[in-house]
Amino acid sequence: MTPQGQPTTVPEDGLTTRQRRDQPLLMVHTGDGKGKSTAAFGLALRAWAQGWPVGVFQFVKSAKWRIGEEQALTVLGDSDQGGTVTWHRMGAGWSWLQGRVDPQGDPAAAAAEGWAQIRRDLAAQTYRLYVLDEMTYPLRWGWLDLDEVVSTLTARPVGQHVVITGRGAPPALLEVADLVTEMTKIRHPMDAGQKGQRGIEW
């Protein structure tokens, strides 16, 4: 049996329990600990199993990289056993360390075009779940207009869940999110000089 959490308060909003349960969520996974994207991709697996169309938008990954979650979710999305999965990689070879930029690309322009596509998809209600992976970084660096992003997400058409991942989520985003999880680093292999490894980081 699936456990069902009990809310600590019941708001006087006139909604039934079912109506309140089915409200779409804006979720943020932030903090310095490992696992923010991993948790979001786990959520995408649940959405796929429910038959939902899923859109993944990776802001801070090279378009040349192939991560394990992309391969797995793409195969599942093509299997006709669950929902569809569409994967967008908008990185130009840059990472969360600002300045590590592919000189052949324009990461700010890539981020802006990625956000423009998300806005179009939200308006068209293309997906039931949006994974906006590492979107906090272009927000922090000013490549995207924070106020415009917040207003678009809070005014999105009903029925669309959104999860945003990345370190240092801006306070304005946290303020409007329905669910915020902060991953806190206690210990990490990199602290002992160990680099990321296949099957764990990608």
- Donor-acceptor contact present, side-chain Thr136 to main-chain Arg167, <3.5 Å: yes
- Are any side-chain N or O atoms of Thr30 and backbone N or O atoms of Ala169, one a donor and one an acceptor, separated by less than 3.5 Å? yes
- Task: Supply the atom-to-atom distance His29 NE2 to Thr38 OG1, rounded to the nearest 0.5 angstrom.
- Result: 10.5 Å
- Message: So does Glu134 get a backbone contact from the side chain of Thr165, meaning a donor-acceptor N/O pair under 3.5 Å?
- Response: yes
- Same cluster for Met135 and Met183 if Ile/Leu/Val/Met/Phe/Trp/Tyr side chains link at under 4.5 Å? no
- Query: Passes side-chain contact (heavy atoms from CB on, under 4.5 Å), Thr84 versus Val54? Steps please.
  - Reply: CA-CA 6 Å; Thr84 59; Val54 176; over 6 Å; no
- Message: Please check this pair: side chain of His88 against backbone of Phe57, looking for a donor-acceptor N/O pair closer than 3.5 Å.
- Response: no
- Straight-line distance of Ile164 CD1 to Leu139 CG, nearest 0.5 Å: 7.0 Å
- Message: Looking at Arg156 and Leu153, would you say the former's side chain and the latter's main chain have a donor-acceptor pair under 3.5 Å?
- Response: yes
- Start with the C-alpha distance between Met27 and Leu43, add both sets of side-chain angles, then the distance that settles side-chain contact (heavy atoms from CB on, under 4.5 Å), and finish with yes or no. CA-CA 11 Å; Met27 300 162 275; Leu43 190 62; 3.7 Å; yes
- Task: Of all the heavy-atom pairs spanning Pro138 and Phe59, show the shortest one and how long it is.
- Result: CG-CD2, 3.9 Å
- Query: Counting N and O atoms only, with roles assigned by atom type, does the side chain of Tyr130 sit under 3.5 Å from a partner on the main chain of Gln160, one being a donor and the other an acceptor?
  - Reply: no
- Query: Once you round to the nearest 0.5 Å, how far does CG of Leu174 lie from CG of Leu179?
  - Reply: 11.5 Å
- Task: Taking all heavy atoms of Ala172 and all of Leu146, pick out the closest pair and write down the distance.
- Result: CB-CD2, 3.9 Å
- Test side-chain contact (heavy atoms from CB on, under 4.5 Å) on Val163 and Val28 and set out the steps. CA-CA 6 Å; Val163 57; Val28 177; over 6 Å; no
- side-chain hydrogen bond (donor to acceptor under 3.5 Å, both in side chains) contacts in which one or both residues fall within residues 114-123, not counting sequence neighbours: Glu113-Arg120, Trp115-Glu148, Gln117-Arg120, Gln117-Asp121, Arg119-Glu148, Asp121-Thr126
- Query: Is Leu122 reachable from Val150 through a run of I, L, V, M, F, W or Y residues, each pair having side-chain heavy atoms under 4.5 Å apart?
  - Reply: yes
- Query: Any side-chain heavy atom of Leu132 within less than 4.5 Å of one from Val162?
  - Reply: yes
Identify each donor-acceptor pair in which a side-chain atom of residues 71-81 lies under 3.5 Å from a protein atom, sequence neighbours left out, and give them as a table.
{"residue": "Thr74", "atom": "OG1", "partner": "Glu70", "partner atom": "O", "Å": "2.7"}
{"residue": "Ser79", "atom": "OG", "partner": "Leu76", "partner atom": "O", "Å": "2.6"}
{"residue": "Ser79", "atom": "OG", "partner": "Gln81", "partner atom": "N", "Å": "3.3"}

- Task: Only counting residues at least two apart or in another chain, list the ones meeting ring-ring contact (aromatic ring centres under 6.0 Å, His included) with Trp48.
- Result: none
- Please check if the side chain of Arg128 supplies one atom and the backbone of Ala47 the other of a donor-acceptor pair under 3.5 Å. no
- Message: Donor-acceptor pair, distance only, cut-off 3.5 Å: does the side chain of Asp178 make one with the backbone of Leu26?
- Response: yes
- Message: Quick check: closest heavy atoms across Val131 and Ala44, and the distance to 0.1 Å?
- Response: CG2-CB, 4.2 Å
- Query: Hey, mind stepping through Trp87 and Tyr127 against ring pair (Phe, Tyr, Trp, His ring centres under 6.0 Å) and telling me if it holds?
  - Reply: CA-CA 12 Å; Trp87 203 282; Tyr127 306 110; over 10 Å; no
- Between Val149 and Asp147, does a side-chain contact (heavy atoms from CB on, under 4.5 Å) hold up when you go through it step by step? CA-CA 5 Å; Val149 168; Asp147 292 337; over 6 Å; no
